[in-house]
There are 2 protein chains.
Amino acid sequence: MAIPRAAQTQRRTRIQEEKQERILEAALDVFSARGFRGSTLDQIAEAAGMSKPNVLYYFRTKEAMHRQLIDRVLFTWLDPLKAFDADGKPESEIRSYIRRKLEMSRDFPRESRLFANEILQGAPHIEDELKGPLKELVDEKAQVIRAWAKAGKIAKCDPYHLIFSIWSTTQHYADFDVQVRAVLGHNLSGAGRFEDAARFLEDLFLRGLGIPKT
Amino acid sequence: MAIPRAAQTQRRTRIQEEKQERILEAALDVFSARGFRGSTLDQIAEAAGMSKPNVLYYFRTKEAMHRQLIDRVLFTWLDPLKAFDADGKPESEIRSYIRRKLEMSRDFPRESRLFANEILQGAPHIEDELKGPLKELVDEKAQVIRAWAKAGKIAKCDPYHLIFSIWSTTQHYADFDVQVRAVLGHNLSGAGRFEDAARFLEDLFLRGLGIPKT
DNA sequence: GATAATTTTGACCGGTTGGTAAAACATGAC
DNA sequence: GTCATGTTTTACCAACCGGTCAAAATTATC
């Protein structure tokens with residue numbers, strides 16, 4: 001009997017894991033491009049190269065897929081901020097944080113858009129995670145920044161809004177990619193775009209925080 | 001006979017205009033919160049306080065409503081950038097541009113989210129407007145900024161990425177409102193939020209562009 | 001108040017949605 | 001081979017989708 005759906009079993013075989021991964025990959029494609037409600041199981045199934053009931057064999061509901069994707073992204077998203085080191089030099093810490101976030105926009109634009117879609121629509125599934133783990137981490141790092149300001153290492157500024165501005169400027173290149181491309185035109189939107197953005201943002205934030213370039 | 005649908009008639013009566021406005025208001029609510037594909041006519045009709053066929057009497061299709069909303073937003077969105085004056089002082093021009101964009105995020109968050117939703121999902125309806133009018137306007141203002149840099153009035157920087165960073169930082173407070181609120185907590189997300197953000201962003205950009213505070 | 005134009009509604013339609021049932025199919029252990 | 005387990009597919013469902021239609025209700029005109 002078909003009691004043990006793949007999604008329920010504790011031990012997952014190699015095949016199950018591969019198929020689930022293939023489905024999640026397809027779901028990420030679809031969800032990030034069309035939003036949760038705008039996506040259909042048929043689209044995901046087709047993108048994964050299997051039938052709809054087969055997809056539902058591995059994930060009991062559409063929401064289960066989405067939930068798992070969101071959980072992953074949330075975890076990945078916090079990573080660069082965790083690396084933010086209180087004992088490091090402000091210049092290198094901020095510079096590498098910007099760069100890492102920008103790299104994520106370049107390398108994982110679908111994940112960024114999935115997250116943006118979720119937040120835009122009121123974050124119905126992850127409000128708790130935002131108010132819990134995310135807030136705690138940001139609070140912690142805000143203290144670090146505040147300490148730097150007090151020590152005169154960087155200009156006085158609101159640490160929360162600093163973090164927001166780094167988030168928004170870097171994610172902009174993934175979430176608003178279409179607009180960026182349209183404005184820059186094809187000649188400027190290619191390979192050099194990433195380096196241009198990185199240089200600009202590093203200059204803006206370091207100078208904006210009163211950190212002299214070394 | 002019911003030949004003259006309200007949407008088609010050239011001269012619109014007072015009542016027709018009022019109803020259409022009421023529908024657009026409701027549609028903005030729904031579209032901005034759930035995206036185009038995630039919204040249903042029933043939701044819009046209910047929000048507008050009328051029956052679905054009645055809504056369709058004033059707008060022939062769901063897309064017609066959305067299109068009109070997008071067109072409006074697009075026009076409104078370009079306004080602050082148009083006001084950017086080549087003959088003004090860089091300090092006051094940039095400062096007031098930031099402030100105006102921030103005010104729009106505060107006063108028209110639904111419009112911002114509608115626009116963000118559209119871009120996020122690949123801007124299927126407005127690619128031409130982005131590549132046309134928007135790009136032209138940005139190109140023009142980029143020249144102004146570049147001239148300021150050449151004249152030594154502001155630090156050398158890529159004008160396009162400067163504009164992107166102002167867009168993203170200011171719109172962040174509308175589009176990612178849920179996240180901002182979650183991180184700041186209720187105590188900090190109230191009335192003072194706007195002024196805090198304005199002060200931070202003005203400091204960041206003016207200092208980042210090497211413009212001394214007056 | 002009769003009449004014509006406009007507005008509103010309830011009933012309805014074909015297509016699509018997320019999800020199910022059950023049987024067919026594959027796979028591996030013995 | 002056979003039998004239990006795990007996988008895939010076909011056929012299907014009720015609910016919902018955007019949109020139509022014709023009749024009813026309202027409003028404007030005289």
Side-chain angles (χ1 to χ4, degrees), chain A residues 1-24 26-27 29-31 33-70 121 124-125, chain B residues 1-24 26-27 29-31 33-70 121 124-125:
Chain A
M1 289 72 198
I3 295 173
R5 274 173 186 260
Q8 300 170 323
T9 49
Q10 290 292 10
R11 286 197 169 276
R12 282 180 301 175
T13 72
R14 184 95 195 90
I15 286 185
Q16 287 173 344
E17 214 148 323
E18 268 178 21
K19 290 269 164 100
Q20 291 195 2
E21 211 49 50
R22 205 166 91 199
I23 293 170
L24 285 179
D29 254 7
V30 178
F31 282 144
R34 310 171 70 97
F36 177 74
R37 279 182 272 253
S39 305
T40 72
L41 287 177
D42 290 287
Q43 291 162 353
I44 295 170
E46 199 199 327
M50 44 178 95
S51 66
K52 184 169 67 175
N54 201 5
V55 167
L56 285 166
Y57 174 74
Y58 289 101
F59 292 91
R60 266 176 333 209
T61 64
K62 187 184 170 188
E63 273 195 39
M65 273 184 286
H66 188 252
R67 158 57 72 154
Q68 192 154 332
L69 280 174
I70 286 280
Q121 312 203 351
H125 305 101
Chain B
M1 289 74 196
I3 295 172
R5 273 173 184 262
Q8 298 169 325
T9 51
Q10 290 291 10
R11 288 197 167 275
R12 282 180 300 174
T13 70
R14 186 94 193 90
I15 286 183
Q16 286 172 346
E17 214 149 322
E18 270 178 22
K19 290 268 163 101
Q20 290 195 2
E21 211 50 50
R22 205 166 91 200
I23 292 171
L24 284 178
D29 254 7
V30 178
F31 283 144
R34 310 170 70 96
F36 179 73
R37 278 183 273 252
S39 305
T40 72
L41 288 177
D42 290 289
Q43 291 163 353
I44 295 170
E46 199 198 328
M50 44 178 96
S51 67
K52 184 170 66 173
N54 202 5
V55 167
L56 287 165
Y57 174 74
Y58 289 101
F59 293 91
R60 256 160 359 194
T61 65
K62 185 184 172 187
E63 272 195 40
M65 274 184 289
H66 188 252
R67 160 55 71 154
Q68 191 153 332
L69 280 174
I70 285 279
Q121 313 204 349
H125 305 101

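Fair warning: this is a prediction, and the values are worked out from it, not measured in the lab. So that the names make sense, note that chain A is the first sequence line, chain B the second, and so on, each numbered from 1.
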Looking at the side chain of B:P53, which of C:dG19, C:dA11, C:dT20 is the nearest nucleotide? C:dA11
Rounded to whole Å, the CG-P distance (B:L56 to D:dA22) equals 16 Å
D:dT9, OP1 or OP2 - any side-chain N/O from A:Y57 closer than 4.0 Å? no
Which whole-number value in Å describes the distance from B:K19 NZ to D:dT27 C1'? 11 Å
Angle between ring planes, B:F36 versus B:H125, binned at 30° and 60°: parallel, tilted or perpendicular? perpendicular
Is the backbone of B:L56 close enough, under 3.5 Å, to the side chain of B:K62 for a donor and an acceptor to pair up by distance? no
Proximity to DNA chain D (any heavy atom under 4.0 Å), residues of residues 38-46 of chain B only: B:S39, B:T40, B:L41, B:D42
Considering the terminal five base pairs at each end of the helix from C:dG1-D:dC30 to C:dC30-D:dG1, what angle separates the two local helix axes, rounded to 10°? 10°
Spacing between B:F59 atom CZ and D:dT20 atom C1', to the nearest angstrom: 19 Å
Return the minimal non-hydrogen interatomic distance between A:I23 and A:I44, and the atom names on each side. O-CG2, 4.3 Å
Nearest whole Å is fine: how far is D:dC16 C1' from A:K62 NZ? 13 Å
Compare side-chain N and O positions of A:Q16 against OP1 and OP2 of D:dG6 and report whether any pair is under 4.0 Å apart. no
Work out which heavy atom in B:G35 is nearest to a heavy atom in A:Q121; give both atom names and the distance. N-NE2, 4.0 Å
Measuring to OP1 and OP2 of C:dT7, would you say a side-chain N or O of B:N54 lies under 4.0 angstrom away? no
Between A:V55 and A:K52, which is nearer to the 5' end of DNA chain D once each is assigned its nearest nucleotide? A:V55
How close do A:R37 and B:A33 get, counting heavy atoms only, and between which atoms? NH2-O, 4.3 Å
Using whole Å, what does the distance between atom P of nucleotide C:dT17 and atom CZ of A:R34 come to? 9 Å
In this structure, how many angstroms lie between the P atom of C:dG19 and the OH atom of A:Y58, rounded? 18 Å
Could you give the CZ-to-C1' distance, from A:R60 to D:dT7, as a whole number of Å? 17 Å
Heavy-atom pair with the smallest gap, counting every atom of A:A48 and A:R22: O-NE, 2.9 Å
Starting from C1' on D:dG18, measure out to CD1 on B:I23 and report it in whole angstrom. 15 Å
Heavy-atom count around B:Q43 CD within 6.0 Å, excluding the residue itself: above 12? yes
C:dT8 phosphate, OP1 or OP2, under 4.0 Å from B:S51 side-chain N/O: no
Taking all atoms of both residues into account, what is the closest heavy-atom pair of A:Q68 and A:F59, and its distance? OE1-CE2, 3.6 Å
About how many Å separate CG of A:L41 and CE of A:M65, when rounded to the nearest 0.5 Å? 5.0 Å
